[in-house]
A.B. asks: 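Got a structure for you, written out below as structure tokens; questions coming shortly.
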Amino acid sequence: MPATSGKSSAHAVWTKLGYKSSHELIAHFPRRYEDRSRWEDPFLCKLDQPVTVQGEVLAVKSTRWRGGRSVFEVILQPAGLLQELGLTWFNMPFMKNVFKEGDQVVLFGKISEGKNGRRMIHPEYEVIKQHDEPRIHLNRVTPVYPLVSGVYQKTVRTAIYAELFSEDFKVSEFYQAPDPYMSRLEAVRKIHFPDSMDELEPARKRLAHDELITMQTVMAVRRQRTVRQRKDRPAPVQDLVLKFLHHLGFEPTGAQHRVFSEIDRDLSRHYPMHRLIQGDVGSGKTIVAAYALVRCLESGKNGAMLAPTETLATQHAENLRKILAPLGIEVLLWTRTTKPVAGESLQSAGSIVYVGTHALIQESAVLENLGLGVIDEQHKFGVAQRHALMQKGQHPDLLVMTATPIPRTLCLTYYGDLDVSVLDEMPPGRKLVKTVLRAQSDLKKVWKFIRQESSHGRQAYVVYPLLEESEKLDVRSVQAAFSELKGVFGDDQVVMLHGKLESAEKQRRMQAFKQGKFSVMVATSVIEVGVDNPNATMMVIENAERFGLAQLHQLRGRVGRGPDQAYCVLVGEPKNEDAWKRLAVMEKTADGFEIAEADLQIRGPGDILGTEQSGFPLKIVNLVKDMDMIEPCRRLVQNILNEDPDLSHHPGLYKRIKPFIQEADFTWGG
Ligand code: ADP
Ligand code: MG
């Protein structure tokens, strides 16, 4: 195959895929591989797993049914076999333009068994043409790429092959990788075109190593930038902390005290605090935020607290007002509906704490004299919002809080640019929430139990999963449950909450529930975040198998906040083993970290916290398989930066991290 035509087609492909360079094209990794060096026998293979079959098209038939439905069938002669295999596609009439008698084709899919023998229904297909390069598409482990419309599998494959194996193709090492790893050039070639399936994992490992090094360098450099920001801290103008502790009404836990002093230590340094507070649901993070805000106001500055929903912001504003009003601190709620009118003066006599939603970080929002930004439920935000809040002041201190417990190693990966505090102690008097798994058919008994409990004045949540595909459907399923439960508990005993309600209406209903006007709240998972009603002791989660573990844990955390024994009933009929395992974990433990660890093991790969958390996409790293690489990579990055703090001897690495470092952070040597 002439290399030049390959090259120019490569150019066309990368533009079509939306890439700007051949290097971006090379980073378009296969989504799976087919071993086309040996073909499965479709008449002997197992039925329930996908196989790759090659053969010649003997006949095609297109049938139209009344009502516009159609079926397209192919009779295939699998290579080297005498039997014929049927292929079927329903309602895809354009398929008749794909296959012709005599075509050589490759198919990928499950074999099914019907009354006319074995066939493949809707397999993935590829027609091999005479001029197609056999070394690329056949007789080898063949990569299968994610596609965009208008680009063919073979075109992408040909383009990437041409690029990778052209004479002037170069990949540079951008740091010294340790010994067992193969060269980057070899790894890049093998991740696309391995000689055998066995070569894939070592190649992936090498590229994962590179990705981790890059990510951790981003984190370390962000961290370095923070430490280099000069911050003069004027002496406190008043003493509020003693008053604060006095008005709290309870004794902080040991963990809360420890985090208070970690914050104090941060605030004695001449650079901004950048701290993450990790604490399970109910561990008392709000007080820690309040403490930091009080410290900030002591030095004459204002503070801000960002929350993901209007409900939560309102609740925080109320709680903080209770705690801070006796200290003469004004709390101002700032959301889409309650934001101050433009031009209205926000100057107040004393100090202010702004509490708000995204409205708070919009460009137009001016937060006077900002000394500290707090972000609650950080996992609902991302690094971009964190940055936006920081921009509202001059190197303000930053406290981010999350209730998503993640294993320590992961924490270092995603939040390596922050100092981390852990609230690992619950306020006293918390009882374990008794958790049980029940089938749909047990619901009557569950309702009976709720009625019994509510006769003692206790309250229950009944939660339905939010299905992303159709919010309408959710609302309908919640509405159906609403009428049903009114029948069970009485018309005036049930209140409903879902995401489609006006925010003021949500507030009103939440408030009424908190005041004990209803015994049951039916809701979608909108209540997941931060709702606090110590009198609610029962959490019933319907279709529990549809929720992730972290979410179940969050939901369960909504109860067990008062003195009474609390219960969580997971209603579901798990259809596979993983779903069972998940729910069993919930029954067994209340420890958020243990649950997170189990979640990781069960759910396996994937960018656990998402790109938003770190601002860095993990494309190759598999945090389960690659866990043991994280620590060594971190040490390697430390060594690199110790010897070469501005990366002037690592131009390749510098170029890679640059897009992930905020402009403002970029004052080398500054
Ligand atoms: P989360 O960590 O989930 O944000 P909150 O800050 O909402 O937890 O605290 C949960 C509840 O525990 C609140 O009602 C709060 O007033 C209470 N609380 C927090 N710390 C203590 C403590 N040391 N002693 C008693 N109650 C506490
Ligand atoms: Mg909270």
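Computed from a prediction, not measured in an experiment: that's the story for all the values here.
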A.B. asks: Does Arg233 reach the side chain of Ser299, with side-chain heavy atoms less than 4.5 Å apart?
C.D. replies: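 Of all side-chain heavy-atom pairs linking Ser299 with Arg233, none is under 4.5 Å.
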A.B. asks: Mind listing the side-chain donor-acceptor pairs of residues 190-197 below 3.5 Å, one per line with the distance, residues two or more places apart or on another chain?
C.D. replies:
unit_1	atom_1	unit_2	atom_2	d
Lys190	NZ	Glu199	OE1	3.2
Lys190	NZ	Glu199	OE2	3.4
His192	ND1	Tyr145	OH	2.8
His192	NE2	Ile26	O	2.6
Ser196	OG	Asp198	N	3.4

A.B. asks: What's the spacing between Gln385 CD and Gln378 CD if we round to 0.5 Å?
C.D. replies: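 One finds 8.5 Å between CD of Gln385 and CD of Gln378.
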A.B. asks: For Leu212 and Ile630, what are the C-alpha separation, side-chain angles and deciding distance, and is it a side chain to side chain contact (heavy atoms under 4.5 Å, CB included)?
C.D. replies: CA-CA 7 Å; Leu212 278 174; Ile630 293 176; 4.3 Å; yes
A.B. asks: Less than 4.5 Å apart, any side-chain heavy atom of Val383 and any of Arg386?
C.D. replies: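 Yes, close enough: below the 4.5 Å cut-off.
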A.B. asks: May I have the step-by-step check of salt bridge (Lys or Arg N to Asp or Glu O under 4.0 Å) for Lys170 and Asp168, ending in yes or no?
C.D. replies: CA-CA 6 Å; Lys170 278 202 288 290; Asp168 50 358; over 6 Å; no
A.B. asks: Using side-chain contact (heavy atoms from CB on, under 4.5 Å) as the criterion, list what pairs up with Asp424, not counting sequence neighbours.
C.D. replies: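 For Asp424, the residues satisfying side-chain contact (heavy atoms from CB on, under 4.5 Å) (neighbours in sequence not counted) are Ala255, Arg258, Val422.
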A.B. asks: Does CD in Gln176 sit with more than 12 non-hydrogen atoms of other residues, nucleotides or ligands closer than 6.0 Å?
C.D. replies: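 Open.
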A.B. asks: Quick one: does Gln551's side chain have a donor or acceptor within less than 3.5 Å of a partner on Phe547's backbone?
C.D. replies: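 Not confirmed, Gln551 side chain does not pair with Phe547 backbone.
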A.B. asks: Would you confirm whether His395, through its side chain, and Thr226, through its main-chain N or O, come within 3.5 Å as a donor-acceptor pair?
C.D. replies: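 A pair under 3.5 Å: no.
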A.B. asks: Kindly write out the residues that satisfy side-chain hydrogen bond (donor to acceptor under 3.5 Å, both in side chains) with Glu298, not counting sequence neighbours, or none if the list is empty.
C.D. replies: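 Glu298 satisfies side-chain hydrogen bond (donor to acceptor under 3.5 Å, both in side chains) with Arg295 once adjacent residues are dropped.
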A.B. asks: Say whether, by atom type as modelled, one donor and one acceptor occur between the side chain of Thr217 and the main chain of Ile213 under 3.5 angstrom.
C.D. replies: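 Pair found, side chain donor or acceptor close to backbone of Ile213.
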A.B. asks: By side-chain contact (heavy atoms from CB on, under 4.5 Å), which residues pair with Leu245, not counting sequence neighbours?
C.D. replies: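 Here the qualifying residues are Val241, Leu248, Pro252, Phe260.
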A.B. asks: With side chain to side chain contact (heavy atoms under 4.5 Å, CB included) as the criterion, how do Cys568 and Lys434 come out once you've worked through the C-alpha distance, each side chain's angles and the decisive distance to 0.1 Å?
C.D. replies: CA-CA 6 Å; Cys568 175; Lys434 276 194 190 146; over 6 Å; no
A.B. asks: Just to verify, what does Asp419 make a salt bridge (charged side-chain N to carboxylate O under 4.0 Å, His left out) with, not counting sequence neighbours?
C.D. replies: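 With sequence neighbours excluded, Asp419 shows a salt bridge (charged side-chain N to carboxylate O under 4.0 Å, His left out) to Arg223, given in chain and number order.
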A.B. asks: Is any side-chain heavy atom of Trp14 closer than 4.5 Å to one of His28?
C.D. replies: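 Answer no - side chains too far apart.
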A.B. asks: Atom OH of Tyr271 and atom CD of Gln229: how far apart are they, to the nearest 0.5 Å?
C.D. replies: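 Atom-to-atom, Tyr271:OH and Gln229:CD are 11.5 Å apart.
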A.B. asks: Count the heavy atoms of every other residue, nucleotide or ligand shown that sit under 6.0 Å from NZ of Lys655, and state whether that count exceeds 12.
C.D. replies: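 For Lys655, atom NZ is not crowded (no more than 12 foreign heavy atoms under 6.0 Å).
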A.B. asks: State which residues pass side-chain hydrogen bond (donor to acceptor under 3.5 Å, both in side chains) with Thr435; sequence neighbours excluded, sorted by chain then number.
C.D. replies: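 By the side-chain hydrogen bond (donor to acceptor under 3.5 Å, both in side chains) rule, Thr435 matches Arg556.
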A.B. asks: For a quick check under 3.5 Å, do Asp417 and His274 share a side-chain donor-acceptor pair by atom type?
C.D. replies: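 Not at all, the side chains of Asp417 and His274 share no donor-acceptor pair under 3.5 Å.
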A.B. asks: Which residues satisfy the side-chain contact (heavy atoms from CB on, under 4.5 Å) test with Lys588, sequence neighbours excluded?
C.D. replies: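 Listed in chain order: Glu594.
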A.B. asks: Taking Glu377 first and then Lys380, would you say they form a salt bridge - that is, a charged N and a carboxylate O separated by under 4.0 Å?
C.D. replies: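 Looking at Lys380 together with Glu377, the answer is no, because their closest N to O distance does not fall below 4.0 Å.
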A.B. asks: Between the side chains of His257 and Glu251, does any donor sit under 3.5 Å from an acceptor?
C.D. replies: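 Present: a donor and an acceptor within the cut-off.
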A.B. asks: Would you mind reporting whether Leu372 and Met273 have side-chain heavy atoms less than 4.5 Å apart?
C.D. replies: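 Yes. Closest side-chain heavy atoms under 4.5 Å.
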A.B. asks: Please confirm whether Arg140 makes a cation-pi placement over Tyr33, using NZ or CZ under 6.0 Å from the six-membered ring centre and within 45° of the ring normal.
C.D. replies: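 Because its charged atom misses either the 6.0 Å distance or the 45° angle limit, Arg140 does not stack over Tyr33.
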A.B. asks: Could you tell me if Asp644 and His649 have a donor-acceptor pair between their side chains, going purely by distance under 3.5 Å?
C.D. replies: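 No pair is found: no donor N or O on one side chain lies under 3.5 Å from an acceptor on the other.
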A.B. asks: Is the side chain of Arg204 donor-acceptor paired with the backbone N or O of Ile620 at a distance under 3.5 Å, no angle test?
C.D. replies: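 Pair found, side chain donor or acceptor close to backbone of Ile620.
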A.B. asks: Would you tell me whether Ser648 and Asp646 have side-chain atoms, one donor and one acceptor, within less than 3.5 Å of each other?
C.D. replies: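 On atom types as modelled, these side chains qualify, holding a pair under 3.5 Å.
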A.B. asks: Let's go through Ser421 and Arg275 carefully: what are the C-alpha distance in whole Å and the side-chain angles of both, what is the deciding distance for side-chain hydrogen bond (donor to acceptor under 3.5 Å, both in side chains) to 0.1 Å, and is it a yes or a no?
C.D. replies: CA-CA 7 Å; Ser421 295; Arg275 184 168 287 279; 2.8 Å; yes
A.B. asks: Quick one: pull up CZ in Arg222 and CD1 in Ile657 and give me the separation to the nearest 0.5 Å.
C.D. replies: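 It comes to 9.5 Å.
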A.B. asks: What pairs with Thr253 under side-chain hydrogen bond (donor to acceptor under 3.5 Å, both in side chains), at least two apart in sequence or on another chain?
C.D. replies: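 So Thr253 forms a side-chain hydrogen bond (donor to acceptor under 3.5 Å, both in side chains) with Gln256.
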A.B. asks: In chain order, what residues pass the side-chain contact (heavy atoms from CB on, under 4.5 Å) check against Pro202, with sequence neighbours excluded?
C.D. replies: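 Applying side-chain contact (heavy atoms from CB on, under 4.5 Å) to Pro202 gives Met182.
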A.B. asks: Show me, pair by pair, the donor-acceptor contacts under 3.5 angstrom made by side chains of residues 277-285, not counting sequence neighbours?
C.D. replies:
unit_1	atom_1	unit_2	atom_2	d
Asp280	OD1	His553	NE2	2.6
Asp280	OD2	His553	NE2	3.3
Asp280	OD2	Gly592	N	3.0
Ser283	OG	Asp280	N	3.4
Ser283	OG	Asp280	O	2.7
Lys285	NZ	Gly279	O	2.8
Lys285	NZ	Asp280	O	3.4

A.B. asks: Give, for atom CE of Met401 and atom CG of Leu306, the distance between the pair rounded to the nearest 0.5 Å.
C.D. replies: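 Taking CE in Met401 and CG in Leu306, the distance rounds to 10.5 Å.
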A.B. asks: I'd like to check the side-chain hydrogen bond (donor to acceptor under 3.5 Å, both in side chains) partners of Asp210; sequence neighbours left out, ordered by chain and number.
C.D. replies: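 Tyr175, Arg184, Arg206.
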A.B. asks: For the CG atom of Asp376 and the CE atom of Met305, what is their distance to the nearest 0.5 Å?
C.D. replies: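 Asp376 CG to Met305 CE: 4.5 Å, rounded to 0.5 Å.
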A.B. asks: Tell me whether the guanidinium CZ or amine NZ of Arg656 lies under 6.0 angstrom from the six-membered ring centre of Phe174 and within 45° of its axis.
C.D. replies: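 So Arg656 does make the cation-pi contact.
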A.B. asks: How close do Thr402 and Leu276 get, counting heavy atoms only, and between which atoms?
C.D. replies: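 The answer is CG2-CD1, 3.7 Å.
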A.B. asks: Applying salt bridge (charged side-chain N to carboxylate O under 4.0 Å, His left out), can you list everything that pairs with Lys625, at least two apart in sequence or on another chain?
C.D. replies: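 Salt bridge (charged side-chain N to carboxylate O under 4.0 Å, His left out) check on Lys625 returns Glu201.
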A.B. asks: Distance-only, no hydrogens or angles: does the Ser261 side chain make a donor-acceptor pair with backbone N or O of Asp264 under 3.5 Å?
C.D. replies: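 Checking the backbone N and O of Asp264 against the side chain of Ser261, no donor-acceptor pair under 3.5 Å is found.
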A.B. asks: Before giving the answer on side chain to side chain contact (heavy atoms under 4.5 Å, CB included), spell out for Leu641 and Val221 the whole-Å C-alpha distance, their side-chain angles and the decisive distance to 0.1 Å.
C.D. replies: CA-CA 8 Å; Leu641 285 172; Val221 167; 4.3 Å; yes
A.B. asks: How about Tyr161 and Phe165: are their ring centroids closer than 6.0 Å?
C.D. replies: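 That pair passes the under 6.0 Å test.
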A.B. asks: Are Met219 and Leu418 side-chain neighbours, meaning at least one heavy-atom pair lies under 4.5 Å?
C.D. replies: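 They are not in side-chain contact.
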A.B. asks: Is the shortest heavy-atom distance from the side chain of Val400 to the side chain of Tyr415 under 4.5 Å?
C.D. replies: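 A side-chain contact is absent here, since even the closest heavy-atom pair is not under 4.5 Å.
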A.B. asks: Should His316 and Leu312 count as side-chain neighbours, where that means a heavy-atom distance under 4.5 Å?
C.D. replies: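 Side chain of His316 against side chain of Leu312, heavy atoms only: contact under 4.5 Å found.
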A.B. asks: Hey, could you give me the CG/CD1 distance between Leu25 and Ile160, rounded to the nearest 0.5 Å?
C.D. replies: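 Answer rounded to 0.5 Å: 4.5 Å.
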A.B. asks: With side chains defined as the heavy atoms from C-beta onward, is the minimum distance between Ile640 and Asn642 less than 4.5 Å?
C.D. replies: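 No - every pair of side-chain heavy atoms lies 4.5 Å or more apart.
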